[in-house]
Amino acid sequence: YVVHGTNGICVVDSIERISFTAGAPGEYYYVLRQNKNPSNKFFVPMKNEEMLSKLREPMRREDIEDILMGLSDDDVKWINDRRERGDYFKDILHDGVSGRLLNMIICIYEKKRELAKNGKKLSVTDQGTLKTAEKLVEEEFAWALDMDPQDVPAFIRRRLHIQEEE
């Protein structure tokens with residue numbers, strides 16, 4: 001199993017020589033199938049270092065404990081400029097599940113609470129970023145901790161001593 005960028009945990013299904021252009025010699029690709037949705041296939045060229053750099057081993061329980069113990073409040077700050085914030089959050093998402101990603105989720109939730117006090121909501125982009133980040137964390141934590149993904153948020157809140165929102 002490997003983690004493939006924001007596509008989550010995947011099974012390395014095979015290594016195949018594939019030509020996407022008729023008559024051209026094929027290149028070798030890792031063929032990955034998404035664990036949560038096996039009909040989704042991804043082809044990662046074996047000679048493309050940039051694409052290969054997006055693959056990594058799934059986390060273990062110890063890795064998750066280390067992340068939760070090492071969280072700091074000031075790791076991720078809200079950026080008021082929407083475009084700059086979007087780029088910043090996208091970079092964090094592409095780095096995969098990490099302390100920074102958890103801090104980004106916390107940062108977005110804090111902004112969501114602040115906006116709600118004034119009768120406002122997060123932008124659609126920020127809501128989408130939050131949803132993507134939560135899914136990445138839930139999938140990988142559930143995998144490593146052998147639990148149901150829907151139980152992950154409660155697990156994190158317990159470990160971080162955070163009260164559930166009312």
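Residue numbers count from 1 along this sequence.
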Let me see the working for Val12 and Leu32 under side chain to side chain contact (heavy atoms under 4.5 Å, CB included), right down to the final yes or no.
CA-CA 5 Å; Val12 179; Leu32 310 178; 3.8 Å; yes
Between Val76 and Trp78, is there a shared hydrophobic cluster once you connect ILVMFWY residues whose side-chain heavy atoms come closer than 4.5 Å?
yes
Quick one: do Lys131 and Glu134 make a salt bridge, cutoff under 4.0 Å?
no
Is Asp126 paired with Arg85 through a side-chain N to carboxylate O contact shorter than 4.0 Å?
yes
Check whether Asp95 reaches the backbone of Ile92 with its side chain - one donor and one acceptor, N or O, closer than 3.5 Å.
no
Closest heavy-atom pair and its distance - Ala24, Ser19
O-OG, 2.8 Å
How about Leu136 and Val3: do any of their side-chain heavy atoms sit closer than 4.5 Å?
no
Same cluster (ILVMFWY, side-chain, under 4.5 Å), Val137 and Ile9:
no
I'd like to know if the side chain of Arg33 and the backbone of Pro38 have a donor-acceptor N/O pair within less than 3.5 Å.
yes
With heavy-atom distances below 4.5 Å as the criterion, would you say the side chains of Ile64 and Glu140 are in contact?
no
Of the non-hydrogen atoms in Ile15 and Met46, which two are nearest, and what is the gap between them?
CG2-SD, 3.4 Å
Audit row: Glu114, Lys111, salt bridge (Lys or Arg N to Asp or Glu O under 4.0 Å) steps and yes/no:
CA-CA 5 Å; Glu114 178 187 317; Lys111 187 63 172 182; 3.1 Å; yes
Short question: side chain of Asp148, backbone of Gln150 - any donor-acceptor pair under 3.5 Å?
yes
